[in-house]
Amino acid sequence: MSASYDADNIFAKILRGEIPCHRVYEDDNALVFMDVMPQSAGHVLIVPKAPSRNLFDADPAVLAVVIPLLQRIATAAKRAFDADGVSVMQFNEAAGGQTVFHLHFHVIPRYEGTPLHSHGRGMEEPEVLAANAEKLRSALAALN
Ligand code: 5GP
């Protein structure tokens, strides 16, 4: 039997406003906020609001709405952080690298020859996360 969704996971708490985050964007379908342990400056998470554990139990209709948003956030992140490229990552179950069990997508600015910091390495300073969220919000607002 597959594992079930736990409504007390950390992203569910963030979605309910019980835990703060550095918010970049929000609409009816998704919340976008900075990863507290960035693998590169500007590492941001796209979190669909619909409760699902990961890709395996996600509603395809939710994915259809989230991917265009992911495209916009990746474009904004590349511009905001003057990146050479962007990695999009998405992990499923512990064996697949997942540590928070609410579906989410990572958008990570990348630079030629620069490896990523390790996954869940250490907390970034709140002021840095706030400044990076502001950069992303500005770049998003400037997109067509
Ligand atoms: P996963 O391994 O599940 O794909 O990634 C979960 C991500 O969530 C990690 O990159 C980790 O740094 C991030 N994360 C864990 N706890 C929190 C939190 O409380 N707030 C935020 N903004 N990010 C978190």
Side-chain angles (χ1 to χ4, degrees), residues 1-111 113-141:
M1 200 177 97
S2 58
S4 59
Y5 181 77
D6 173 9
D8 280 332
N9 74 78
I10 195 103
F11 290 172
K13 290 179 179 175
I14 289 174
L15 288 170
R16 290 196 294 267
E18 295 167 11
I19 290 177
C21 68
H22 294 277
R23 183 179 314 214
V24 171
Y25 174 84
E26 181 169 13
D27 62 22
D28 289 346
N29 302 303
L31 180 62
V32 178
F33 54 87
M34 305 312 292
D35 193 305
V36 284
M37 292 176 267
Q39 292 186 252
S40 173
H43 182 168
V44 63
L45 301 169
I46 291 115
V47 182
K49 290 185 175 176
S52 77
R53 191 174 156 88
N54 51 39
L55 267 190
F56 301 127
D57 60 341
D59 182 345
V62 169
L63 301 177
V65 170
V66 164
I67 296 301
L69 174 60
L70 180 60
Q71 182 185 36
R72 283 177 67 77
I73 299 296
T75 303
K78 185 171 183 297
R79 292 187 191 172
F81 300 98
D82 200 20
D84 299 320
V86 167
S87 293
V88 171
M89 297 186 189
Q90 195 278 317
F91 304 111
N92 300 282
E93 298 300 331
Q98 187 174 13
T99 59
V100 177
F101 295 93
H102 180 113
L103 177 67
H104 57 278
F105 297 81
H106 300 255
V107 169
I108 309 178
R110 302 299 303 273
Y111 302 89
T114 305
L116 288 180
H117 301 306
S118 41
H119 194 51
R121 165 194 64 121
M123 300 277 274
E124 182 55 276
E125 296 299 331
E127 313 80 66
V128 173
L129 295 173
N132 287 343
E134 177 54 35
K135 280 188 190 173
L136 260 172
R137 284 194 296 270
S138 297
L140 255 185

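Computed from a predicted structure; not experimentally measured. Numbering of ligands and ligand atoms starts at 1, following listing order.
- Residue Ile14 has at least one heavy-atom neighbour below 4.0 Å for each of these atoms of ligand 1: 20 (N).
- For an aromatic pair to be called close, the ring centres must be under 6.0 Å apart, and His102 with Tyr5 satisfies this.
- Looking only at protein heavy atoms, the nearest one to atom 11 (C) of ligand 1 is Asp35 OD1, 3.4 Å.
- Distances between N or O atoms of Thr99 and those of ligand 1 include at least one value under 3.5 Å.
- Asp82 places no side-chain N or O within 3.5 Å of a backbone atom of Arg79 that could act as its donor or acceptor partner.
- Of the possible polar contacts, one joining the Gln39 side chain to the His117 backbone as a donor-acceptor pair under 3.5 Å is found.
- Of the candidates His104, Glu124, Gln98, Met34, His104 brings a heavy atom nearest to atom 5 (O) of ligand 1.
- Close approach of ligand 1 to Ile10 is summarised as follows: ligand atoms under 4.0 Å from at least one heavy atom of the residue are 19 (O).
- Pairing each heavy atom of His43 with each of Pro109, the nearest pair is N-CD, 3.9 Å.
- Inter-residue side-chain proximity for Arg110 and Asp84 is flagged as unmet; no heavy-atom pair is nearer than 4.5 Å.
- The backbone N or O of Asn54 lies less than 3.5 Å from no partner atom in the side chain of Asn92, so there is not a single donor-acceptor pair.
- The closest approach between a heavy atom of Gly97 and any atom of ligand 1 is below 4.0 Å.
- Closest protein heavy atom to atom 8 (O) of ligand 1: Phe11 CZ, 3.3 Å.
- With atom 17 (C) of ligand 1 as the reference point, the heavy atom nearest to it among Leu103, Val100, Val36 is part of Val36.
- The proximity of Phe33 to ligand 1, defined as any non-hydrogen pair under 4.0 Å, is limited to the side chain.
- Shown in contact with His106 at under 4.0 Å from a heavy atom are these atoms of ligand 1, numbered in order with element: 1 (P), 4 (O), 5 (O), 7 (C), 10 (O).
- Of the inter-residue distances, the one linking Ile46 atom CD1 with Ile67 atom CD1 reads 8.5 Å to the nearest 0.5 angstrom.
- In terms of protein heavy atoms, atom 15 (C) of ligand 1 is closest to Met37 CE, 3.9 Å.
- Judged by distance alone, the side chain of Gln98 and the main-chain N or O of Arg53 form a donor-acceptor pair under 3.5 Å.
- The shortest non-hydrogen separation linking Phe91 to Gly97 is CB-C, 3.6 Å.
- Not close to ligand 1: Leu129, with no non-hydrogen atom less than 4.0 angstrom away.
- Taking atom 2 (O) of ligand 1 as the reference point, the nearest protein heavy-atom neighbour is His119 NE2, 2.6 Å.
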